[in-house]
Engineer: 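My questions will all concern the structure given below.
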There are 2 protein chains.
Amino acid sequence: MNIGEAAKATGVSTKMIRHYEAIGLIGRARRSGAGYRQYTEQDLHTLRFIKRARSLGFSIEEIRRLLALWTDRDRASAEVKALAQRHIDELRRKIRALQEMVDTLSHLAAHCHGDQRPDCPILDALAEGAEPEDTMPRPCCGHAGQP
Amino acid sequence: MNIGEAAKATGVSTKMIRHYEAIGLIGRARRSGAGYRQYTEQDLHTLRFIKRARSLGFSIEEIRRLLALWTDRDRASAEVKALAQRHIDELRRKIRALQEMVDTLSHLAAHCHGDQRPDCPILDALAEGAEPEDTMPRPCCGHAGQP
DNA sequence: GATCCACCTTTCCATGATGGGAAGGTCAAG
DNA sequence: CTTGACCTTCCCATCATGGAAAGGTGGATC
């Protein structure tokens, strides 16, 4: 099976398949006489594994470890679980950071009338005591910045 | 004021200050006789504005627009609000995607005993019907994959 | 056999925001 | 005058992904 077919079958682009090979995430594929990469069902399984792991947000290096654990019959599930847990923690950390941004911005947007007038609490908050020319800063209802 | 002092005063690294200048996000700084960049209080205000906007997750291009709006006395606050709202939507979209990963992974991790035995639902889910050698796939309690 | 199109190959470049490091100039204190 | 802390520019790396160029292959059609 050529690389294009493997890409269609797994949802991994040809670009990425070649890239994964180049960085050693997957082994070097067998080649046809003309140098075309040939893929087996087993290769597709590996690519689908990678695809699923990527869609769960694992980095390439984490996936490298996961693949090693996958093919190691004697692995301890504890190591997989620990890796997953670390990843979950990292995801939650990112979510918290994004949520804080949303909270702050939502608060500011709620106080912005959003009409044709230039007055804007959002820009005021970003400027925070430093107007572009000569206007005065304007406090709000009490938070939305760092305490 | 030299660039290092400006960096300390604003929390923007010297690297980034030079970068912002190179991409035209901020104007070219005045130079001393020896070619050192000199910063005014007004420059610091702009850098702090950028810093705050970055910490709210706005991209450089969004900040470019925000800066233009900031310095335009005749801006309509509607445009700022719309920009902010688009950004909020984008952040929420990212949060949802990350949360889905967390949900799936948490579910899998909860079902992984995480001891010295090799049996692991997390790897099973990533493999999904394709074991590395010859074992059989193992269904779980009913979701955690695409429907 | 020639042509054509879809596919394959490699290599280089780009993204976005940030940092690291090299090689060299400048300034102030000792 | 030396030392050390600054500054300058330029190049490279990250991470995962894609675009594009330039050229070779495979199979179908004329």
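What you are looking at is a predicted structure, and each value in this text was computed from that prediction instead of being measured. Chain letters run A, B, ... following the sequence lines, proteins first and then strands; every chain starts at 1.
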Engineer: Measure the CD1-CD1 distance between I23(A) and I60(A) for me, rounded to the nearest 0.5 Å.
Structural biologist: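 Reported to 0.5 Å precision, the distance equals 5.0 Å.
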
Engineer: In whole angstrom, give the distance that lies between atom OH of Y39(A) and atom P of dC7(C).
Structural biologist: 16 Å

Engineer: Among R30(B), H45(B), M1(B), find the residue that satisfies the side chain to side chain contact (heavy atoms under 4.5 Å, CB included) test when tested with T40(B).
Structural biologist: R30(B)

Engineer: Yes or no on salt bridge (charged side-chain N to carboxylate O under 4.0 Å, His left out) for E79(A) and R65(A), after CA distance, side-chain angles and deciding distance?
Structural biologist: CA-CA 10 Å; E79(A) 185 172 349; R65(A) 188 80 200 108; 2.7 Å; yes

Engineer: How long is the line joining CD of E62(B) and P of dG16(C), in whole Å?
Structural biologist: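 It works out to 12 Å between those atoms.
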
Engineer: Transitively linked via ILVMFWY side-chain contacts under 4.5 Å: Y36(A) with Y20(A)?
Structural biologist: no

Engineer: Rounded to whole Å, please give me the gap between CG in L47(B) and P in dT18(C).
Structural biologist: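 Checked: the CG to P distance equals 12 Å.
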
Engineer: Once you round it to whole Å, what is the distance between P of dC8(C) and CE of M1(A)?
Structural biologist: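 Those two atoms, CE and P, are 12 Å apart.
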
Engineer: Under a 4.0 Å heavy-atom cut-off, which of residues 11-27 of chain B touch DNA chain D?
Structural biologist: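 The stretch gives K15(B), R18(B) as the residues lying under 4.0 Å from the strand, ordered by number.
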
Engineer: Considering just the side-chain nitrogens and oxygens of R31(A), establish if one lies under 4.0 Å of OP1 or OP2 belonging to dG24(D).
Structural biologist: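 No, no such contact exists.
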
Engineer: Within the 4.0 Å limit for protein heavy atoms, which parts of nucleotides 25-30 of chain C are touched? Write it as a string from 5' to 3', B for base, S for sugar-phosphate only, - for none.
Structural biologist: BBS---

Engineer: Check this for me: does any side-chain nitrogen of one of E5(B) and R37(B) sit under 4.0 Å from a carboxylate oxygen of the other?
Structural biologist: no

Engineer: If I compare all heavy atoms of H87(B) with all of L56(B), which pair ends up nearest, and what's the gap?
Structural biologist: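 Distance-wise, the nearest heavy atoms are NE2-O, 2.8 Å.
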
Engineer: Salt bridge or not for R52(B) and E128(A), using N-O below 4.0 Å?
Structural biologist: yes

Engineer: Any protein N or O atoms within reach of nucleotides 1-5 of chain C? Criterion: under 3.5 Å, listing atom names and distances.
Structural biologist:
none

Engineer: In whole angstroms, how far is the C1' atom of dG26(D) from the CD1 atom of I3(A)?
Structural biologist: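 From I3(A) CD1 to dG26(D) C1': 17 Å.
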
Engineer: Salt-bridge test for D115(B) and R117(B): reply yes if a basic N is under 4.0 Å from a carboxylate O, no otherwise.
Structural biologist: yes

Engineer: Within this structure, what is the CZ-to-P distance between R28(B) and dT8(D), rounded to whole angstrom?
Structural biologist: 15 Å

Engineer: Expressed in angstrom and rounded to an integer, what is the separation of K51(B) atom NZ from dA17(C) atom P?
Structural biologist: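 For the pair K51(B) NZ and dA17(C) P, the rounded distance is 14 Å.
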
Engineer: With the threshold set at 4.0 Å, does a side-chain nitrogen-carboxylate oxygen contact exist between E61(A) and R64(A)?
Structural biologist: yes

Engineer: Pick the nucleotide of DNA chain D nearest each of R37(B) and I60(A); which residue has the one closer to the 5' end?
Structural biologist: R37(B)

Engineer: Any salt bridge linking R93(B) with E90(B)? Criterion: basic side-chain nitrogen under 4.0 Å from a carboxylate oxygen.
Structural biologist: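 A salt bridge is present here (some side-chain N lies under 4.0 Å from a carboxylate O).
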
Engineer: Checking side-chain hydrogen bond (donor to acceptor under 3.5 Å, both in side chains) for the pair D103(A)/S106(A): CA distance, chi angles, key distance, verdict?
Structural biologist: CA-CA 5 Å; D103(A) 291 347; S106(A) 297; 5.7 Å; no

